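These values consider heavy atoms only, across backbone and side chains, with no hydrogens, waters or symmetry-generated copies. Proteins come first, then strands; the chains are lettered A, B, ... in the order of their sequence lines, and each starts at number 1. Source: prediction; values computed, not measured.
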There are 2 protein chains.
Amino acid sequence: MRVSTRFSDSIHILAFIDIYDQKKLSSEIIASSIETSPVVVRRLMGVLRENNLIATKKGTAEPRLSKSPKDITLLDVYLAVEGDKQLFTLDTSTNPDCIVGGNIQKVLGAYYEDAKMAALRKFNNISLQDVIETILVEQKAKEHRINN
Amino acid sequence: MRVSTRFSDSIHILAFIDIYDQKKLSSEIIASSIETSPVVVRRLMGVLRENNLIATKKGTAEPRLSKSPKDITLLDVYLAVEGDKQLFTLDTSTNPDCIVGGNIQKVLGAYYEDAKMAALRKFNNISLQDVIETILVEQKAKEHRINN
DNA sequence: TTTCGTGTAACTTTTTAAGTAACAAGAATA
DNA sequence: TATTCTTGTTACTTAAAAAGTTACACGAAA
């Protein structure tokens with residue numbers, strides 16, 4: 001299938017809202033930064049709103065973060081838009097009458113869960129604030145290279 | 001998209017080959033354990049062969065592991081069939097003229113790589129032997145429950 | 001009251017992998 | 001040696017999930 005960019009795009013939206021705080025923040029403007037359609041942005045923002053990461057007002061282009069960027073981790077965003085699904089996919093239809101087919105799901109499932117948790121723990125240690133600050137540092141470095 | 005079960009199915013194939021070592025091991029028999037088609041099995045076995053994990057002989061139903069199960073890690077299998085692709089997907093088309101769009105790929109890319117490595121390190125610490133032994137233990141436990 | 005924008009539904013397109021059909025050619029065997 | 005089984009491979013179809021598109025009711029603000 002097409003691979004989901006919801007996680008990346010959601011972090012983008014949140015960083016954008018924080019960085020361009022005082023400006024008009026229509027879904028169209030945000031979409032032009034992500035290079036996608038306004039509807040995709042509004043759909044993602046709907047999910048972020050349901051998960052208490054942003055607050056929006058219908059008809060008004062003024063989305064705001066519900067919490068400080070320090071208090072939003074990448075894991076919060078990931079769980080909001082991707083949910084707690086498998087990261088590595090088990091084949092869930094294997095022959096239960098075979099020694100391998102009848103036991104491999106449980107065995108692999110445990111290893112997959114372990115690997116997934118190792119990755120998600122990393123995301124739980126990165127805040128939106130970290131992302132925003134790093135973006136701003138990269139931007140200054142970029143501008144420095146251009147001027148020298 | 002449809003989610004790939006190549007990783008799970010490949011481990012299944014390797015465990016099956018090792019456990020049913022002396023028996024006839026046609027792609028049809030293996031496929032019936034995975035509950036898929038023989039062609040899917042042969043395709044995966046082709047990839048496993050290219051990556052030196054198994055040896056096969058055209059026309060003969062006798063695939064064999066190329067190495068001891070102790071010396072095959074889940075990471076070896078993962079890289080063989082999924083490659084070293086992104087685990088978390090960056091949106092690679094963002095507006096380069098925006099502070100966020102112009103820097104987020106690099107910033108998120110680094111965090112994603114970090115999380116991916118945390119997961120893959122786990123897989124590098126699990127051998128096919130671990131998987132096989134755990135399957136056999138689960139099977140004995142299952143039989144014990146049935147007989148008591 | 002006009003204009004802009006959100007929220008949402010319905011539908012289409014895109015992408016990727018699995019499933020299916022077909023077949024040449026190697027291996028084993030009666 | 002003829003038959004049967006099987007692999008390796010190609011080409012095509014189906015399935016599933018997400019992004020893209022169109023449309024529109026309704027809220028907000030000038």
- Message: In this structure, how many angstroms lie between the P atom of D/dG8 and the CD1 atom of B/Ile30, rounded?
- Response: 11 Å
- Could you check which of D/dT10, C/dA27, C/dG5 has an atom nearest any side-chain atom of B/Lys57? C/dA27
- From D/dT21, C/dC4, D/dT6, pick the nucleotide closest to the side chain of B/Lys24? D/dT6
- For B/Ser33 and B/Tyr20, test the side chains for any donor-to-acceptor distance below 3.5 angstrom and give the result as yes or no. no
- If you measure from the Lys or Arg side-chain nitrogens to the Asp or Glu carboxylate oxygens, is any gap between B/Lys116 and B/Asp84 under 4.0 Å? yes
- Query: Start at the 5' end of DNA chain C and walk down; is the nucleotide closest to A/Pro63 or to A/Val39 reached first?
  - Reply: A/Pro63
- Are any of A/Thr36's side-chain N or O atoms less than 4.0 Å away from OP1 or OP2 of D/dG20? yes
- Atom CZ of A/Arg42 and atom C1' of C/dG5 are separated, to the nearest Å, by 7 Å
- Message: Measure CD/B/Glu35 against C1'/C/dG19 and give the value in whole Å, please.
- Response: 14 Å
- Options D/dT7, C/dG19, D/dT21, nucleotide nearest the side-chain atoms of B/Ala61: D/dT7
- Hey, what do you get for CD1 (A/Ile54) to CG (A/Leu48), rounding to the nearest 0.5 Å? 5.0 Å
- Task: Compare side-chain N and O positions of B/Thr56 against OP1 and OP2 of D/dG8 and report whether any pair is under 4.0 Å apart.
- Result: yes
- Query: CD of A/Glu28 versus C1' of D/dG20: gap in Å, rounded?
  - Reply: 15 Å
- Closest to the B/Lys58 side chain: D/dT7, D/dC26, D/dT21? D/dT7
- Task: Return the value, rounded to whole Å, for the distance between atom CG of A/Asp9 and atom P of D/dA18.
- Result: 13 Å
- Message: Starting the side chain at C-beta, find the nucleotide from C/dG19, D/dA19, C/dT6 nearest to A/Ser4.
- Response: D/dA19
- Item | Distance below 4.0 Å between A/Thr5 side-chain N/O and D/dA19 OP1 or OP2 | yes
- Drop me the distance from B/Lys67's NZ to B/Leu128's CG, to the nearest 0.5 angstrom. 11.0 Å
- Query: What is the distance from CD of A/Glu62 to C1' of C/dG7, rounded to the nearest Å?
  - Reply: 17 Å
- Between B/Arg49 and A/Arg6, just flag the one whose closest nucleotide in DNA chain D comes earlier from the 5' side. B/Arg49
- Determine the interplanar angle of the A/Phe88 and A/Tyr112 rings, folded into 0 to 90°, and report it as parallel if under 30°, tilted if 30 to 60°, perpendicular if over 60°. tilted
- Does B/Ser27 have a side-chain nitrogen or oxygen under 4.0 Å from the phosphate oxygens OP1 or OP2 of D/dT7? yes
- Reckon A/Ile34 touches a base, only the sugar-phosphate, or nothing at all at heavy-atom distances under 4.0 Å? nothing
- What is the distance from CG of A/Asp91 to P of C/dA18, rounded to the nearest Å? 9 Å
- Query: In whole angstrom, what separates B/Arg43's CZ from C/dT16's C1'?
  - Reply: 12 Å
- Item | Sugar-phosphate, base or nothing in reach of A/Ser37, heavy atoms under 4.0 Å | base
